[in-house]
Amino acid sequence: MNKKVDIVMEAAFKISDLPLGFTAKPGTTRKFKTGDWRSARPVLDRAKCVYCGFCYIYCPDGVYRDMGAEKYYQVDLDYCKGCGICAHECPKKCIQMIIEEV
Amino acid sequence: MKSAEVQFEKITPKTFPKGPDSLASGHRACQGCGEVLALRLLMKALGRDFMAVSATGCMEVCTSPFPQSAWEMPWLHVAFENAAAVAGGVDAGNVILRRKGKLPDKRIPVVAIGGDGATADIGIQALSGALERYHENFIYICLDNEAYMNTGIQRSSQTPFGASTTTSPAGSHSKGQSTWKKNMPAIAVAHNIPYVATGSPAFHLDLMNKIRRAAAIPGPAYLHIYAPCPTGWRMKAELSVESSRLAVNSRIFPLYEVIDGQYILNKKVDQPIPLVEYLKPQGRFRHLMSEDIAKIEERVNHEYEYIVKLSESFVEPLF
Amino acid sequence: MSSINSTKPVGIEVSLAIAEAVKLAEVEVVAAYPITPQTHIVEHLSDLVANGELNAEYVPVESEHSALSACIGSSAAGARTFTSTSSQGLMLMAEIVFIAPMLRMPIVMAVANRAISGPLNIWNDHSDVMSIRDCGWIQIFAETGQEATDLSIIAFRIAEDKNVMMPLILNLDGFTLSHFIEPIIFPEADKVKKFLPPYETSHKLDLNNPLSFGLLGGPEVYTEARRDTDLALLNSRSHVQRIFDEFAGAFGRQYRLVETYKTEGAETIIVTIGSISETAMSAVDEMRAVGEKVGLIHIRLWRPFPVVEFRAAVAGAKNLAVVDRHISMGFPEGPVGTEVRALMYHEKERPRISNYVLGLGGRDVTRNHFKYIVEQVKSLGADKRQGGYEMVGVLE
């Protein structure tokens with residue numbers, strides 16, 4: 001390569017990194033944290049929560065985790081994009097969307 | 001055996017699958033995407049013992065930027081208009097390998113997934129061919145967000161009358177989309193396949209059990225799924241599930257199944273909410289006047305009544 | 001069809017012979033659309049499946065676009081997969097043709113080369129396959145029925161080789177080869193079984209190892225992904241010759257990437273592709289008989305191009321007369337002519353290169369055409385660099 005001329009190297013992968021047939025392993029988008037898209041976060045009032053599971057069911061990003069014996073669902077802020085569906089759908093209105101401090 | 005009698009494990013509130021999703025977090029769908037919600041629930045209902053084929057589109061792009069994938073089951077994307085043909089080929093491969101003993105002697109559902117454009121417009125030929133060829137383990141899911149959202153909200157044949165899109169804009173000489181939604185479920189039914197259904201993410205158990213039934217019934221199935229798009233519909237992100245519910249309750253998106261040709265209305269809506277309540281939160285309908293809405297409502301009621309009449313007439317299955 | 005187990009030649013239509021060879025290869029899925037225009041290859045395959053002679057799934061798709069789409073699906077499922085097309089059909093499936101190599105799906109596709117519209121014309125030339133030249137598939141040309149038959153088996157062995165894993169197009173001239181009855185020796189079934197074991201791969205849709213195929217490749221990786229496919233294609237060259245040699249060891253018929261005929265001492269070498277090479281050989285014989293120093297090269301492996309073998313084969317020639325069966329509109333040369341010129345440009349001993357386009361849309365190519373071409377080359381001026389270009393026989 002001619003070192004006298006700088007070219008912008010945008011490539012993030014070498015050819016030798018590429019798997020046969022340009023495939024990917026399952027579920028690997030989990031490496032990409034979508035939480036920083038969020039401008040508001042859901043905050044649960046556990047006292048009012050009836051463990052109905054609608055936040056878990058209706059989350060497009062699958063960010064709620066069933067806490068089992070503790071009888072509530074906990075949001076995973078690594079992935080929560082802050083859409084607010086959980087707060088809107090909560091029948092007990094016990095999830096509030098709180099603006100993220102920048 | 002009649003398809004209606006085929007047994008499958010039903011999901012109830014108590015048996016809701018709580019395990020890890022089959023569509024992983026970290027996908028790049030927009031905030032509040034109703035389409036990825038529907039997809040997540042459908043994939044969750046099937047578990048992981050199936051194969052998925054995607055058409056090019058939002059759900060394909062947002063789940064598979066190299067080197068990552070959100071899919072937990074074997075997944076294949078080839079192009080925009082051919083998901084049904086690709087899935088048919090996967091099924092043919094599985095069928096012969098099973099017959100030769102190279103695969104276990106068990107049906108593997110093959111699920112093709114496309115948006116409304118990939119299904120009803122550019123991919124309708126491949127879909128029709130696949131349904132007609134009667135692939136035994138074939139399920140087609142149309143995730144209908146009513147326009148070409150991935151490329152910037154251009155109208156499709158599934159865009160509803162009156163919706164403003166980037167290629168059916170509202171203006172001084174236009175009310176937005178000037179045509180009525182093409183009836184894809186009816187087109188699927190016309191292929192004499194054993195199972196056709198509509199579904200909505202707001203009615204999650206109904207939705208999830210429909211794909212379970214589709215997988216249990218031998219022969220091809222077609223699912224037409226309502227998929228709200230806050231970005232393209234110019235709607236608040238938190239309203240995706242709400243609008244899915246309003247669509248059913250206003251009769252604009254009725255929930256029904258067609259099993260061996262017999263229509264079954266899953267949710268009767270005797271007292272529909274005024275259509276304006278469904279249209280109002282969506283910016284794509286903002287320009288509509290009350291007389292326009294009345295015209296749409298008349299059509300919606302007519303189409304709903306038509307489904308009711310079909311469901312009330314008993315059809316002796318031919319097959 | 002019991003007679004095909006004999007090692008004696010059988011008179012059979014070449015399309016049917018290809019189907020019989022594909023049966024010997026124990027293909028598992030055939031997805032094809034039978035029109036636009038087609039040959040008897042897939043008709044006969046559907047017969048073989050219907051008669052229980054071939055344990056395969058025959059998928060009668062509704063278009064060529066879906067044919068290759070379904071083939072990618074079945075190949076991804078891990079099944080040995082075959083399809084066949086030509087002309088408009090290849091044009092319709094072109095979008096998908098370009099995707100299969102990246103996915104590394106070892107599909108075999110016979111293309112009975114025919115003209116593309118317009119005007120509508122179903123007869124032989126190479127305009128279909130030349131239009132998808134850069135698609136990334138291995139592309140081989142058969143010149144006789146025997147070659148088409150042998151190569152139909154060899155094709156799977158090459159495509160599925162662990163070091164290759166690339167789709168392969170087997171070109172044969174439409175009508176002038178596909179519809180002719182030729183004497184053909186069929187490879188013995190038991191030997192084929194040894195030469196071509198069943199297709200086993202971990203590169204597939206697998207419930208136990210669920211990979212995702214067909215990802216989005218943004219600007220940060222697209223260049224590398226394309227080059228990766230290119231390298232895989234280039235890398236297949238040596239394996240193609242190795243497998244040709246193995247076939248020769250098992251069946252006694254030797255194929256080479258570039259075939260030469262009477263090139264020793266030839267001042268002018270004609271360069272051809274496809275079945276007109278047979279006619280060209282007869283013409284060379286006749287010209288040699290009257291003292292013309294003429295030879296012939298036919299390119300068997302078109303992609304990856306056998307650069308080294310080609311240069312070695314033409315070494316010492318003063319003139320190359322390159323024949324094209326496709327017109328590259330807006331450029332003063334056909335594609336084979338251009339490629340040969342590019343390949344030879346930097347050679348120290350550079351022959352003068354002329355290019356002749358002929359045999360378009362089924363127009364006959366006779367021995368006289370080759371004699372005419374050689375006459376044209378001889379009549380060129382003294383300038384050693386100035387070759388000729390002509391559409392032979394066109395009435396202006």
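A note on names: the letters A, B, ... follow the listed sequences, proteins ahead of strands, and every chain is numbered from 1. In this text, all values refer to a predicted model and were calculated from it rather than measured experimentally.
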C/Leu103/B/Val78 under side chain to side chain contact (heavy atoms under 4.5 Å, CB included): CA gap, chis, key distance, verdict = CA-CA 9 Å; C/Leu103 295 168; B/Val78 180; 4.3 Å; yes
Inter-residue atom distance C/Leu211.CG - B/Trp75.CH2, 0.5 Å rounding = 12.0 Å
Rounding to 0.5 Å, atoms CZ (B/Arg133) and OG (C/Ser66) come to a distance of 6.0 Å
From CG (B/Leu97) to OH (C/Tyr199), nearest 0.5 Å = 10.0 Å
Rounded distance [0.5 Å steps], CG in C/Leu207 versus CG in B/Asn94 | 7.5 Å
Test log, rule side chain to side chain contact (heavy atoms under 4.5 Å, CB included), inputs C/Glu62 and B/Ser128 | CA-CA 9 Å; C/Glu62 82 297 333; B/Ser128 176; over 6 Å; no
Heavy-atom nearest pair, B/Ile96 first then C/Glu57, reads CB-CG, 3.8 Å
Would you say B/Phe8 has more than 12 foreign heavy atoms packed within less than 6.0 Å of its CZ?
-> yes
Count the heavy atoms of every other residue, nucleotide or ligand shown that sit under 6.0 Å from NZ of C/Lys193, and state whether that count exceeds 12.
-> no
Looking only at C/Val61, C/Val59, C/Ile72, the option with the highest number of non-hydrogen pairs under 4.5 Å against chain B is C/Val61
Name the member of C/Pro60, C/Pro198, C/Ala31 that forms the most heavy-atom pairs with chain B at distances under 4.5 Å.
-> C/Pro60
Is the shortest heavy-atom distance from the side chain of B/Asn82 to the side chain of C/Glu95 under 4.5 Å?
-> no
With distance as the sole test, does B/Arg99 use its side chain to make a donor-acceptor pair with the main-chain N or O of C/Asn55 at under 3.5 Å?
-> no
C/Ser74, C/Ser69, C/Cys71 screened by side-chain contact (heavy atoms from CB on, under 4.5 Å) with B/Val86, the one that passes = C/Ser69
Between B/His77 and C/Leu216, is any pair of side-chain heavy atoms under 4.5 Å apart?
-> no
Side chain to side chain, B/Gln125 and C/His65, heavy atoms closer than 4.5 Å | no
Segment of B/Leu103 engaging chain C (4.5 angstrom heavy-atom cut-off) | neither
Per-residue tally against chain C (heavy atom, under 4.5 Å) across B/Arg48, B/Glu132, B/Glu72, B/Lys100 peaks at B/Lys100
What part of B/Leu76 is in contact with chain C, defined as an atom under 4.5 angstrom from a non-hydrogen atom: side chain, backbone, both or neither?
-> both
Minimum heavy-atom separation for B/Ala79 to C/Ile99, with atom names?
-> CB-CD1, 4.0 Å
What is the distance from atom OG of B/Ser69 to atom CZ of C/Phe213, rounded to the nearest 0.5 Å?
-> 11.0 Å
